[in-house]
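Worksheet: one structure, shown below.
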Number of protein chains: 2
Amino acid sequence: MPPRRSSQDKAPSQVDVARLAGVSAQTVSRVMSNQGSVRPETARRVLAAVDELGYRIHAAAASLASGRTRLLGVIIVSNDRYSIGAHGVGIEQAAAAHGYTVTTAAVAEHASSDAFIEAFDRLERQGAEGIILGIPIDLDTPAMRVRTERTPTVRSERSELDPHSPFAVDQALIGRLAVEHLLELGHRTVWHVTGDDYWMETDERRTAWQQVLTEHGITPPPVIPGNWTPESGYRAGRTIAAIPDATAVFVSSDEMAFGVLRALHEAGKRVPEDVSVVSVDGIPLSAYASPALTTVRQPFEDVGRAAALRLIAMLEGSSVGELPHIEPTLVVRASTAPPAK
Amino acid sequence: MPPRRSSQDKAPSQVDVARLAGVSAQTVSRVMSNQGSVRPETARRVLAAVDELGYRIHAAAASLASGRTRLLGVIIVSNDRYSIGAHGVGIEQAAAAHGYTVTTAAVAEHASSDAFIEAFDRLERQGAEGIILGIPIDLDTPAMRVRTERTPTVRSERSELDPHSPFAVDQALIGRLAVEHLLELGHRTVWHVTGDDYWMETDERRTAWQQVLTEHGITPPPVIPGNWTPESGYRAGRTIAAIPDATAVFVSSDEMAFGVLRALHEAGKRVPEDVSVVSVDGIPLSAYASPALTTVRQPFEDVGRAAALRLIAMLEGSSVGELPHIEPTLVVRASTAPPAK
DNA sequence: TTGTAAGCGTTATCAA
DNA sequence: TTGATAACGCTTACAA
């Protein structure tokens with residue numbers, strides 16, 4: 001049983017352990033970090049002392065001396081969208097598996113670029129060795145270039161070939177999967193409800209949608225704007241319901257699709273008989289919409305995991321094993337069907 | 001314009017700034033921390049040097065010297081439930097407002113108590129001055145008592161009077177609001193779909209449900225078990241659909257309620273005409289269920305904020321201003337109505 | 001295999 | 001108002 005220290009007492013240090021074990025402080029350090037050779041018997045004595053005193057390494061002292069913090073910073077958007085949690089869990093797990101810890105800074109969705117920079121600086125000051133961006137920031141500005149040059153940075157959103165996000169979900173593929181599914185079902189054209197323009201995903205999916213339609217000789221109809229929220233989906237749904245020959249919609253998120261479904265239902269349009277709906281994300285609730293949503297699933301947790309692994313690899317200057325394969329997948333459920341003729 | 005340092009170069013230290021400004025390192029320290037008096041003119045010179053060199057304080061060195069880290073640890077459950085993100089955002093905001101940073105450890109939902117302890121220790125080792133528990137852990141074990149004694153700890157879940165969670169959402173009130181709403185509508189009894197038994201909320205809501213029924217002279221029917229997932233709600237919904245005289249259900253989460261709705265619909269039961277449904281949480285999508293869910297909203301973000309503020313107050317040994325008022329509120333929508341007679 | 005000595009970049013203490 | 005000096009608890013480098 002460890003001796004009861006009141007919380008006033010100072011925590012034991014390596015020196016205390018060394019004294020108790022009858023060795024030098026350096027040997028304690030060696031034992032704690034498993035490097036440098038220590039005779040098993042000596043190690044045992046040290047460990048016993050560690051146990052008895054309840055000694056734990058002092059992270060600040062260790063990182064001051066070694067110059068390493070093993071700390072990863074994450075910048076996320078401060079909202080309650082579904083993906084955030086899963087994404088963070090993936091990061092956390094991968095980090096913990098490699099002995100890293102994670103610290104987070106949240107930034108409001110449409111905050112000024114100063115707010116990002118402030119968050120970035122806060123993480124750097126805290127000692128983050130690398131930073132994961134879960135929010136779109138233009139990295140190609142003088143202020144950000146200075147920072148990404150000194151602190152390795154990866155992004156876990158968007159897709160175009162970008163040295164900072166070589167693994168993110170292929171957003172163009174998402175658009176393609178969704179639109180081609182609808183076209184294969186026999187729809188003449190596909191309408192599109194976009195996400196918030198602030199996010200690059202929005203543009204990439206919109207572009208893919210246009211492109212697939214064009215490839216099929218179809219002139220893309222006007223875009224219907226949304227902002228990820230179910231409310232914006234509802235408004236978009238009312239617009240769609242008012243278009244007589246709209247039989248298929250590609251909605252840029254599941255949450256918006258819930259709103260679309262509601263609006264369509266209220267307008268007396270049946271899904272999928274009158275209108276087919278495909279959305280994006282594959283959140284758990286998407287299977288419980290009415291009707292169950294056909295959606296393109298994004299593996300958020302794997303994206304987080306991959307971002308963290310990638311960043312750690314950059315920091316260690318080596319590989320950390322296979323990165324998870326990040327691929328969107330079409331999940332066909334009840335909200336899509338061939339058009340009524 | 002700051003001189004371009006390649007990332008190889010060492011970051012500038014107080015000594016570098018001091019040299020450039022023609023003062024002692026100590027004066028730089030004073031300027032950086034705004035304490036101790038410094039002549040305005042001197043401060044200006046120091047700040048100019050700081051700017052020119054791009055100097056930023058080295059957190060590890062500062063905390064080694066001062067003994068303070070201003071770091072808050074958070075233990076959360078590693079799943080993708082809705083509340084996690086909002087909760088974290090609340091914590092982060094409150095922490096940032098008081099100059100604290102946040103580090104997170106995720107633990108699997110039904111992990112062993114060793115896993116908690118491991119997470120707790122990891123946060124302590126990192127220098128967390130206090131810890132917020134977003135996951136149920138029995139604090140009344142020898143191993144946890146040692147830890148909570150040396151590291152201030154608050155919980156942001158459950159409700160009974162507990163020195164560690166004086167501000168969490170009143171779960172009994174949640175149960176009461178839900179059940180009384182149904183009873184006032186004229187229902188003869190109320191069935192209950194529980195959450196996962198691992199969480200104390202589950203028991204507290206179940207107890208409140210029993211109690212309210214009993215107060216009204218009603219013998220509570222058997223409980224229908226769930227585990228927070230929409231799938232478990234779906235199974236519970238099938239059970240309910242098979243009970244001829246069930247006209248009202250209190251479901252312990254919105255996500256489960258989506259499953260219940262689906263099962264009821266498939267069984268040909270109309271909501272709310274045949275069965276009324278009240279759930280808990282008030283997630284954004286709850287307004288877009290079919291029909292829109294009547295639910296008891298929990299202010300997750302405020303809970304996180306309150307937990308962080310409370311913890312900071314403990315650490316500073318003083319008040320940090322008014323804590324947010326944490327109160328569940330009944331949001332009446334379309335899933336509840338008087339029973340058909 | 002083990003120990004000694006010298007820093008790491010800051011803050012605390014005391015003196016000027 | 002400012003400066004010199006000694007910690008803070010660890011790791012790195014080198015010596016024994």
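Below, chains carry the letters A, B, ... as their sequence lines are ordered, and counting in each starts from 1.
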request  = Could you tell me whether the phosphate oxygens of C:dT11, OP1 or OP2, come under 4.0 Å of any side-chain nitrogen or oxygen in B:Ser29?
outcome  = yes
remark   = One would report the end-axis bend of the helix from C:dT1-D:dA16 to C:dA16-D:dT1, five pairs per end and rounded to 10 degrees, as 30°
query = Just the endpoints, please: which first and last nucleotides of DNA chain D, 5' to 3', lie under 4.0 Å from a heavy atom of chain B?
reply = D:dT1 to D:dG9
inquiry  = Going by the rule salt bridge (Lys or Arg N to Asp or Glu O under 4.0 Å), which residues pair with A:Arg125 if we only count those two or more places apart in sequence or in a different chain?
reply    = none
ask   = Quick one: is C:dT1 close enough that its OP1 or OP2 comes under 4.0 Å of any side-chain N or O from A:Arg30?
value = no
Taking only distance into account, with no hydrogens and no angle test, what donor-acceptor pairs under 3.5 Å do side-chain atoms of residues 62-75 of chain A form with protein atoms, sequence neighbours excluded?
residue, atom, partner, partner atom, Å
A:Ser63, OG, A:Ala59, O, 3.2
A:Ser63, OG, A:Ala60, O, 3.3
A:Ser66, OG, A:Ala62, O, 2.9
A:Ser66, OG, A:Arg68, N, 3.1
A:Arg68, NE, A:Glu129, OE2, 3.2
A:Arg68, NH2, A:Tyr100, OH, 2.8
A:Arg68, NH2, A:Glu129, OE1, 2.6
A:Thr69, OG1, A:Leu71, N, 3.4
A:Thr69, OG1, A:Gly127, O, 2.6
A:Thr69, OG1, A:Glu129, OE2, 3.3
A:Arg70, NE, A:Gly99, O, 3.2
A:Arg70, NH2, A:His98, O, 2.8

remark   = Between B:Thr148 and B:Leu139, the two heavy atoms sitting closest are CG2-CG, 3.9 Å
query = Roughly how many Å is it from CD in A:Glu41 to P in C:dT1, rounded to a whole number?
reply = 14 Å
key: Rounded distance in Å - CZ (A:Arg68) to C1' (C:dG9)   = 18 Å
inquiry  = Just to be sure I understand the rule, does A:Ser63 reach a base, reach only the sugar-phosphate, or reach nothing, if contact means heavy atoms closer than 4.0 Å?
reply    = nothing
inquiry  = Using a 4.0 Å cut-off on heavy atoms, which residues in residues 117-127 of chain B reach DNA chain C? List them by number, or say none.
reply    = none
ask   = Sequence neighbours excluded, which residues qualify as salt bridge (Lys or Arg N to Asp or Glu O under 4.0 Å) partners of B:Asp140?
value = B:Arg145
request  = Assess whether side chain to side chain contact (heavy atoms under 4.5 Å, CB included) is satisfied between A:Asp16 and A:Tyr55, documenting all intermediate values.
outcome  = CA-CA 9 Å; A:Asp16 300 316; A:Tyr55 167 76; over 6 Å; no
Side chain to side chain contact (heavy atoms under 4.5 Å, CB included) between A:Val77 and A:Trp199, intermediate numbers included = CA-CA 11 Å; A:Val77 58; A:Trp199 297 79; 3.9 Å; yes
key: Those residues that, when tested against B:Ser24, pass side chain to side chain contact (heavy atoms under 4.5 Å, CB included) (two or more places apart)   = B:Gln26, B:Thr27
inquiry  = Can you list, in residue-number order, the parts of residues 17-27 of chain B that come under 4.0 Å of DNA chain D, counting heavy atoms only?
reply    = B:Val23, B:Ser24, B:Gln26, B:Thr27
ask   = Taking the side chain of A:Ser37 as its heavy atoms from C-beta onward, which of C:dA12, C:dT10, C:dT1 lies nearest to it?
value = C:dT1
Sequence neighbours excluded and cut-off under 3.5 Å, please list the side-chain donor-acceptor pairs for residues 28-43 of chain A, or say none.
residue, atom, partner, partner atom, Å
A:Ser33, OG, A:Ser29, O, 3.0
A:Glu41, OE1, A:Arg44, NH1, 2.9

key: Interatomic distance, A:Leu64 CG vs C:dC8 C1' [rounded to whole Å]   = 4 Å
remark   = Residue pair B:Ala65/B:Thr42 against DNA chain D: nearer the 5' end by closest nucleotide is B:Thr42
query = Expressed in angstrom and rounded to an integer, what is the separation of B:His58 atom NE2 from C:dT11 atom P?
reply = 12 Å
inquiry  = The criterion is side chain to side chain donor-acceptor pair (under 3.5 Å); which residues satisfy it with A:Thr141, sequence neighbours excluded?
reply    = none
task = Grab the CZ-P distance between A:Arg44 and C:dT1 for me, whole Å please.
result = 14 Å
task = Please report the shortest heavy-atom distance between A:Phe116 and A:Pro136, naming the atom on each side.
result = CZ-O, 3.9 Å
Can you give each donor-acceptor pair under 3.5 Å made by side-chain atoms of residues 90-97 of chain A, sequence neighbours left out, with the distance rounded to 0.1 Å?
residue, atom, partner, partner atom, Å
A:Glu92, OE1, B:Ala106, N, 3.1
A:Glu92, OE2, B:Arg122, NH1, 3.4
A:Gln93, OE1, A:Arg305, NH1, 2.7

task = Output all residues satisfying side chain to side chain contact (heavy atoms under 4.5 Å, CB included) with B:Ser112, sequence neighbours left out; order by chain, then residue number.
result = B:Asp114, B:Ala115
query = Between A:Val107 and A:Ile137, does a side chain to side chain contact (heavy atoms under 4.5 Å, CB included) hold up when you go through it step by step?
reply = CA-CA 11 Å; A:Val107 169; A:Ile137 306 182; over 6 Å; no
Nearest non-hydrogen partners of A:Pro12 and A:Leu53, listed with the distance = CG-O, 3.4 Å
